[in-house]
Amino acid sequence: MPRRLVRARGHGRLRSLGWLLLAWYEYFLVHGPGDVQGEPVRHGDEYTEFIVDCYALDPDGRRLYDSVFLSRPKGCDKSGLGARAGLGEALAPCRFDGWACGGEVYRDPWGLGFEYVYEPGEPMGRPVKVPFIRCMATEEDQTGLVYDTIYFNLTEGPLKNVPGLNVGLTRTLLPGGGEITPSTASSASKDGGKETFVVFDETHLYKDPDLRRMYTTVTRNLRKRKKIAGTWYLETTTMFAAGQESVAEATYLLSESIEKGKTRRERLLFDHRWGECDDPADEPALRAAIIEAYGDAMAWNDLDGLVDDFYDPRNDIADSRRYFLNAETETSDAWLAARQWDTCAAPLTVMTDRDLVTLGFDGSVSEDATALVACRVLDGHLELLKCEERPEDATVGWQVDQAAMDAAVAAAFDRFDVVAFYADPPHWRDFIDRWTTEFGARLRVKASVKHPIEWWTNRPTAMVATLKRFHDAVTEARRAPDGILNARLTHDGDSQLRRHVLNARRRVSRAGIQVAKEYPGSSRKIDAAMAAVLAYEARGDAVAAGFARPRKQRRAVGF
């Protein structure tokens, strides 16, 4: 089955509090509002393994993960899982309390009949002291599905008999101190940060600046509690739309960095399952892909109904692939698909000092981003050298650090043998004039004789041809089954450059296909993509001028 599971080194399912939590869930919890409302919760193999993974411990009894990501299609009870985790964090023995010799018994403190007998060497549990559970919702006027299920359990399920509960529609006070609170972006920012556990439901929707700032604030708050609290958070989501800069997309990219060894952070548990179907018009293949994507959740979903929804002509095909196959996709007007760009990734390919390169530059001063990209002439490998973009919390009057960008250009000329440099002139005319004076004589390939660096992107015919050359190089790349990449263009896998490329939208003009932001004034920048296009165009001109041949090595000759 198509599934990507990223776990820490040393992960083991026998050393987990999850088995205790599973027994607790299935004794006390029921399903919330919906078709199976009030029925006891039971878990298949897939979600059993997921819960056990969530509570995996290291040999010292410390949680292996402080963040967990679960990605499944629409209708897989992700919000229900989030609610169960929240209830367990509020009331269950979910923190390490030593290793069992065998035969010890945990009994619920309320006399409601729950007992769990520990096996030898199994971790024992205790409740969190003064837990603060936050359930994040995306809309200001709703508590969210997670809290709705929690509320139902505390008012209609077996847990309603827990003494000392004060259950409300907007907040639940817990016996002995602590609370469960549904929150929105604005309300979360007003609290003092006492969280011990947070559920972020449907993080593919966390794509506007307020929600992203809320996510950052709340996850930072978790670190304020003492180490003994074992704070963590859970993200549940359906597949994001690439390029929308959602929280889900950021976590997805982090998981890839962990897999590739590009980050030291390993305290993320990442679990993504999807279905693969190259031709959705092939109904048998689509059905098989849906079954793959839903896994155990097919037990409570109607396959015929899912297929009908997928084929509903009122639904966008890209959205249907995300909702029902949980597959990575892109907006219908995306210039390049994420899978196409990612195929060209060659993070182990690095540029070295004195490589023969071309440079591309595209920039603004205050609103858009400013980027400098290098492209190696020999093989078409791209590297993002510097990119500055307006922060989401920027104050009025913010501007790009022009001195820093100027220094980055000078550093590139110091480091590499730059054969060509193409820069879009608006907003940077004075700097381009100075770069022409300082570096123009060193350039062997020029945009024009009079202006060797200026390359205006507002020339429709020239721009269409330039964009097509770049687009074709990306889309024609192929990776063999043994992993060998056959491509005219590669890149270093930089996440910022990837984001800018995927932000670019296809626009049809009289001259042909051009690109633009999704709408004028959008915060989703494309400037690094344009800098890469210019660098690759300069590289093409350098190749045509004969600079792609490997340099001959000089040899000392003895007499």
Side-chain angles (χ1 to χ4, degrees), residues 18-52 54-55 70 72-94 106-116 127 131 133-137 139 141-175 178-183 197 199 201-202 234 236 238 294-303 305-306:
W19 303 106
L20 169 60
L21 268 294
L22 277 163
W24 192 93
Y25 291 167
E26 296 189 358
Y27 185 88
F28 283 111
L29 304 186
V30 297
H31 288 286
D35 294 336
V36 292
Q37 175 176 305
E39 294 184 17
V41 165
R42 297 292 181 264
H43 298 90
D45 291 344
E46 185 178 340
Y47 282 174
T48 291
E49 291 174 351
F50 174 73
I51 293 165
V52 170
C54 286
Y55 283 93
L70 178 70
R72 292 293 188 276
K74 181 180 180 181
C76 284
D77 196 31
K78 301 183 296 295
S79 299
L81 273 173
R84 297 196 278 281
L87 287 162
E89 287 289 316
L91 298 167
C94 56
Y106 174 85
R107 296 181 176 87
D108 74 85
W110 317 296
L112 299 180
F114 175 74
E115 291 187 352
Y116 183 88
I133 316 302
R134 192 185 292 280
C135 308
M136 296 306 309
E139 301 294 336
D141 60 349
Q142 65 171 316
T143 57
L145 295 175
V146 173
Y147 188 77
D148 289 346
T149 299
I150 289 175
Y151 178 85
F152 184 86
N153 269 271
L154 297 180
T155 56
E156 302 294 335
L159 289 177
K160 69 181 180 181
N161 297 310
V162 172
L165 283 173
N166 183 351
V167 185
L169 291 173
T170 59
R171 185 176 68 169
T172 292
L173 300 180
L174 300 170
E179 63 185 73
I180 307 174
T181 300
S183 297
F197 174 73
V199 182
D201 199 28
E202 301 292 5
L234 170 65
T236 63
T238 300
Y294 275 77
D296 285 355
M298 279 309 308
W300 61 85
N301 277 281
D302 174 18
L303 180 58
L306 294 174

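In this structure, the separation between OG1 on Thr149 and CZ on Arg84 is 8.5 Å, given to the nearest 0.5 Å. Atom SG in Cys135 sits 11.0 Å away from atom CG in Leu145 (nearest 0.5 Å). Summarising the geometry, atom CH2 belonging to Trp300 is positioned 7.5 Å from atom NE2 belonging to His31; distances are rounded to the nearest 0.5 Å. Taking CD1 of Ile180 as the start and CZ of Phe197 as the end, the distance is 10.5 Å to the nearest 0.5 Å. Here Tyr106 contributes atom OH and Phe114 contributes atom CZ; the two are 7.5 Å apart, rounded to the nearest 0.5 Å. From Thr238, atom OG1 reaches atom CG of Leu70 across 9.5 Å, with rounding to the nearest 0.5 Å.
Using a 4.5 Å heavy-atom cutoff, the side chains of Pro158 and Leu112 are not in contact. Contact check for Arg134 versus Ser183: side-chain heavy atoms found under the 4.5 Å cut-off. Trp24 is listed as a side-chain neighbour of Leu29, based on a closest heavy-atom distance under 4.5 Å. The closest side-chain heavy-atom distance from Cys76 to Tyr47 is below 4.5 Å.
When all heavy atoms of Tyr116 and Ala23 are compared, the closest pair comes out as CD1-CB, 3.8 Å. Minimum interatomic distance between Tyr294 and Lys74 (heavy atoms only, all atoms of both residues): OH-O, 2.6 Å. Ile150 approaches Ala83 most closely through the heavy-atom pair CG1-O, 3.8 Å. Taking all atoms of both residues into account, the shortest heavy-atom contact from Gly113 to Asp108 is N-OD2, 3.0 Å. For Pro175 against Leu165, the heavy-atom pair with the smallest separation is CD-CD2, 3.6 Å. In terms of heavy atoms, Ala85 sits closest to Leu234 at CB-CD2, 4.3 Å.
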Full working for side chain to side chain contact (heavy atoms under 4.5 Å, CB included) between Tyr147 and Leu169: CA-CA 9 Å; Tyr147 188 77; Leu169 291 173; 5.7 Å; no

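The only member of Val41, Ile51, Asp201 that meets side-chain contact (heavy atoms from CB on, under 4.5 Å) when paired with Leu81 is Ile51.
Between Trp110 and Phe28, the ring-plane angle classifies as perpendicular under the 30° and 60° cut-offs.
Residues forming a salt bridge (charged side-chain N to carboxylate O under 4.0 Å, His left out) with Glu156 (at least two apart in sequence, or on another chain): none.
Looking at Arg72 and Asp296, no side-chain N of the basic residue comes within less than 4.0 Å of a carboxylate O on the acidic one, giving no salt bridge.
For the pair Glu26 (side chain) and Pro40 (backbone), a donor-acceptor distance under 3.5 Å is absent. Counting only distance, with no hydrogens or angles, the side chain of Asn153 and the backbone of Leu87 share no donor-acceptor pair below 3.5 Å. The backbone N or O of Phe152 lies less than 3.5 Å from no partner atom in the side chain of Lys160, so there is not a single donor-acceptor pair.
Note on residues 162-173: pairs passing salt bridge (Lys or Arg N to Asp or Glu O under 4.0 Å), not counting sequence neighbours, are Arg171-Glu179.
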